[in-house]
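Okay, structure first, notes after.
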Amino acid sequence: MTGWGRYPAVTGLEVQGEDIRRTTAGATLCRGLGRSYGDSSLIPADDSTSRRFAACTTRADRLLAFDETTGMLRAEAGLSLLEINRLFLRRGWFVPVSPGTQFVTLGGMVASDVHGKNHHIDGSFGEHVDQITLQTADGRVIVCSDQQEPELFRATIGGMGLTGHILEVQFPMRAIPSPWIFEESRRIDNLGDMVDGLKEAADRWPMTVGWVDTLARGRHLGRGILMKGRWATPDEAPAKPPPTKRRLRVPFQLPNFVLSKLSIKAFNTLYYWKHIRREKRGIAAPESFFYPLDALLDWNLIYGSRGFTQYQCVVPHTADNGPARRVLDLFRREGGCSFLCVIKDCGAEGKGMLSFLKPGMSIAVDFPIHPTRTPALVDKLNELVIAEGGRIYLTKDAFTRAEHFRAMELRLEAFNAVRQRWDPQGTLRSAQSVRMLGDTP
Amino acid sequence: MKVVVLGATKGMGRSLARLFAERGDQLFILGRDAEDIDRSARDLEIRGAPAPVGCAVCDLEDRHTFAPALEAAEKALGGLETVVVTAGRFATQEAMEEDPELAASVLTADFTGTVLFCEEARRRLLARGGGTLCAFSSVAGDRGRKPVVLYGAAKAGLSHYLEGIDHKFRAAGLKTVCIKPGFVKTGMTAGLKPPPFAGEPDQVARAVLRAIDRGRPVIYTPGIWRWVMLIIRNLPRAVMRRIGF
Ligand SMILES: Cc1cc2nc3c(=O)[nH]c(=O)nc-3n(C[C@H](O)[C@H](O)[C@H](O)COP(=O)(O)OP(=O)(O)OC[C@H]3O[C@@H](n4cnc5c(N)ncnc54)[C@H](O)[C@@H]3O)c2cc1C
Ligand SMILES: NC(=O)c1ccc[n+]([C@@H]2O[C@H](COP(=O)([O-])OP(=O)(O)OC[C@H]3O[C@@H](n4cnc5c(N)ncnc54)[C@H](OP(=O)(O)O)[C@@H]3O)[C@@H](O)[C@H]2O)c1
C-alpha cells in the first residue's frame, strides 16, 4: 500500500467490498482512492501476527437519496467525485467544494476536509456536510451532525479516518447556471502582486488560485499565473455540455533522472512564458479548470522509484506578505524545486477539529524524495511554519515529526479526547497517526 | 425496455443494472436481502431509471421465492421483456472439497436454483410472446479443470441448459443469452490472484448490454477469453492432468 506520493510503502492486508458496513467492520483504517500523498491512508506496518487490515471503500458507491429541489444528496462513502461529476454536471449540479482532482471518494473528502478554489468564500467541504453515518471502533453505527453527536461530527470532519469508518455522507449539491466555466488568467511578476491579485479577485470571483514558479528569486520571487473563474451564464456557455476527454496514462515508472532540477526548471519557465499575453479569458470545461492534472493518469509514476511528497502549509497573512515570502524563500534556498507550486488565500477556519485551513495563505509544493535531504527540508520548513503561527496539511504529509505537529496543532488535545471517548482501546489508527499522534504501532 | 435483474446489488450485476438505468430502462430488481436491494433500487433511480424501481426478495437457494418474485416484477412493470440473472456463488475447490455443506449450497445456487429460476422466467416470457433471458455462466464450464471442478460442473450444466432452451424456443421469440465471463475483478474473486487478462465489471457490463440488445446466444467477456478457452478446450487430457490451470 502507498499513497499518491508512492512513499512510504507499507505491506498489509486491504479488503474491499460493496457492503460497506461489513467491509469496514473491524478494520484498522478506511481508505478511498489513495489520493492522500503520504501515509494518511496506510495502516501501521504489520508484524503479520495481528489481524489488522485496511478497508478500501471504492466499491461501496451507491447513491441513496437525491432531492431535485434542494439538491440534498446522500451516498455511500466510496462514491467518487469523478462519478458525481459524470452524473450531475449535465443535470446542472456541482459539489459545494471540490479538490484539485476528481479521483477522490466522499469519505476521503470528509476525512481530509478538503478545500478548493472557492475556500475564500465557501470554506472547506466539511462546512457543507449535513450528516455523516459512522461506524465506530466498537461496531456501532452512529449518525452524527451539528445536532446529533456534534463533537463526534466535528472530530470526524478532517479527522483522517481516526474517529470511525464513514459509511454515508449527506450534503447539498449546488445548482449551477451551466456546466461550463468562465475563466480569466493573468501573468504575475512577483509575490506582492500575486497576493494583491488574489485579494482583489476575492470579492469578484468565487474561485481563485495562483500558480508560482518556485525557481524565480529576488524581485521575481512569487512570479506566476493567477487564475480566476466562475460558472458561465447560460448565454455565455456553449449549447452542448463539455465532452468527456480521453485521458492519457503514464505507462510505467519513469527513471529518476527524468524529473531533475533542470527539467523542472524548464517546465516552470515554459509554463510561465506560455502565458505570453498578460491576460487571457474565455470559456473552459470544468475538467480542465478544476482538474488539469487528471488529464494524465498515473502521473505520480513520473517521479520514478524514489517517490515524491507534497508540502502544504498555511501561514498567516500580513501586510508585507512576510510569512509567505519567507516560506518560498526558505524552500528555494534549501535547494527545493517544485514541479507545481500552488498558492491560495484562505477563508475562515472550518468546524472540523483538525481541519487544515485557517485565514492566511496556503502554499503547496511538490518534490521528489531524497532520503536525507527531504526530511531535513521538511524539518526546516516546519520550524519556520511554527514560528510564523501556521500549520501543515496532514493529507499531504509524510515527514513531519510528532513534536513539530504538536507545536503547530493546539487543537490536538480536544481531538484526542473525542478519540479516547469513542475508541478507548485505540483500535483505529494509521501509519501517520503512529508517526505523528503517538498511537501505538 | 422492461428489465428484471437478479444480482444487481454487487459486481457485474450492479454495473449492468446501472447501464440499464442510465439509458432509462424500466427496472425491477430481485435479491436475497430486502434492505440491501432497496438501497440498490434508490441508486438506480438517481442514475436515471424511471422511479419507482421496485424490488422483491428472491433467493437462488430457495426455489419457492422465484414465482412470487417474478410475479411481483411482472405486475410492477406491467409486463416483462428482459430477465437477467447475474447472481451466483463461488467457493474455491479446496473449500468445497472439505465442506460438503458449502458444496451443496454453491451447486444448488449455481445450477438447480439458476435453472429453475430461468424456467420460471422462460414460461412467463413465452406467455407474453417472448423476450430475452440472459444468464451468467462462466468459462469455468467449458472444460473440467483442477481449480474449478465443482463450480465448473455447475456452470457447465447451466451453459448446456441455456443452449438447449435457445435451440428450442428462439423460433417462438425467446432469445437466450449465455454470458461466459473470464476472470473479472469483483468481490467473488477478491481473494484470488488476478491472471493477465482480468476484466473490470464495468467493461464486462458494456459487452453484456450489447449482447442482450443483439440477442447473441453466447459471449465470452473480456473477449480474449474466447481464444484462451478455444486453446484450453483442445488441450489433450494428458496435458490437463499435468497443469494446474
Ligand atoms: C492531484 C491532486 C490534487 C489534490 N488537490 C487537492 C485540493 O485542491 N484540496 C484538497 O483539500 N486536497 C487535495 N488533494 C488531496 C485529496 O483531496 C485528499 O487527500 C483526499 O482525502 C483523497 O481522497 P481519497 O478518497 O483518495 O482518500 P485516501 O487518500 O484513500 O484517504 C485519505 C484519508 O481519508 C481517510 N478516509 C478515506 N475514506 C474514509 C472513510 N470512508 N471513512 C473514514 N476515513 C476515510 C483515510 O483514512 C485517510 O486518512 C489532492 C490530491 C491529488 C492527488
Ligand atoms: N467474477 C468472475 O471472475 C466471474 C467469472 C466467471 C463467471 N462469473 C459469474 O458471473 C456472475 C456474477 O459474478 P460477480 O463476480 O459479479 O459476483 P459478485 O460480485 O459476487 O455478486 C454476486 C451477486 O449474486 C448475488 N447472490 C449470491 N448468492 C445468491 C443467492 N443465493 N440468491 C440470490 N442472489 C445471490 C449476490 O447478492 P448479495 O448482495 O445478496 O450477496 C450478488 O448480487 C456469477 O454468476 C458468477 O458465477 C464470475
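On a predicted model such as this, the values are computed, not experimentally measured, just so you know.
With chain A as partner, the option from B/Asp43, B/Leu44, B/Asp38 having the largest number of non-hydrogen pairs under 4.5 angstrom is B/Asp43. Top candidate by heavy-atom pairs under 4.5 Å with chain B, chosen from A/Glu68, A/Glu18, A/Arg62, is A/Arg62. The choice from A/Asp19, A/Asp61, A/Leu73 that makes the most heavy-atom pairs within less than 4.5 Å of chain B is A/Asp61.
Ion pairing between a basic and an acidic side chain is recognised when a charged N comes within 4.0 Å of a carboxylate O; A/Glu83 and B/Arg47 show such pairing. A salt bridge is defined here as a Lys NZ or Arg NE, NH1 or NH2 lying under 4.0 Å from an Asp or Glu carboxylate O, and B/Asp110 with B/Arg89 fails to meet this definition. By the 4.0 Å N-to-carboxylate-O rule, B/Arg206 lies too far from B/Asp202 to be salt-bridged with it.
A/Arg91 touches chain B through its side chain: at least one heavy atom from C-beta onward sits under 4.5 Å away, while N, CA, C and O do not. Heavy atoms closer than 4.5 Å to chain B are found in the side chain of A/Leu87, but not in its backbone. In this structure, no portion of A/Glu14 lies under 4.5 Å from any heavy atom of chain B. For A/Leu79, the part lying under 4.5 angstrom from a heavy atom of chain B is the side chain only. Residue A/Arg21 does not touch chain B at all, counting heavy-atom pairs closer than 4.5 Å. Within the 4.5 angstrom heavy-atom criterion, only backbone atoms of A/Ala65 (N, CA, C, O) approach chain B. For a residue to count as touching a neighbouring chain, one of its non-hydrogen atoms must lie under 4.5 Å from one of that chain's; by this rule A/Glu76 touches chain B with the side chain only. Residue B/Arg18 touches chain A through its side chain alone, counting heavy-atom pairs closer than 4.5 Å. For a residue to count as touching a neighbouring chain, one of its non-hydrogen atoms must lie under 4.5 Å from one of that chain's; by this rule B/Glu45 does not touch chain A. Heavy atoms of B/Asp36 lying under 4.5 Å from chain A belong to its backbone as well as its side chain. For a residue to count as touching a neighbouring chain, one of its non-hydrogen atoms must lie under 4.5 Å from one of that chain's; by this rule B/Ser40 touches chain A with backbone and side chain alike.
A heavy-atom distance below 4.5 Å is not found between the side chains of A/Phe290 and A/Gln102. Considering only heavy atoms from C-beta on, B/Gln93 comes within 4.5 Å of B/Leu150 through its side chain. With a 4.5 Å cut-off on side-chain heavy atoms, B/Leu19 and B/Val208 do not count as touching. Residues B/Thr9 and B/Asp33 fail the side-chain proximity criterion, which asks for heavy atoms closer than 4.5 Å.
In this pair, A/Phe66 and A/Trp93 present their aromatic rings perpendicular. The plane angle is above 60°, beyond the 30 to 60° band.
Residues A/Phe94 and A/Trp231 bring their aromatic ring centres within 6.0 Å.
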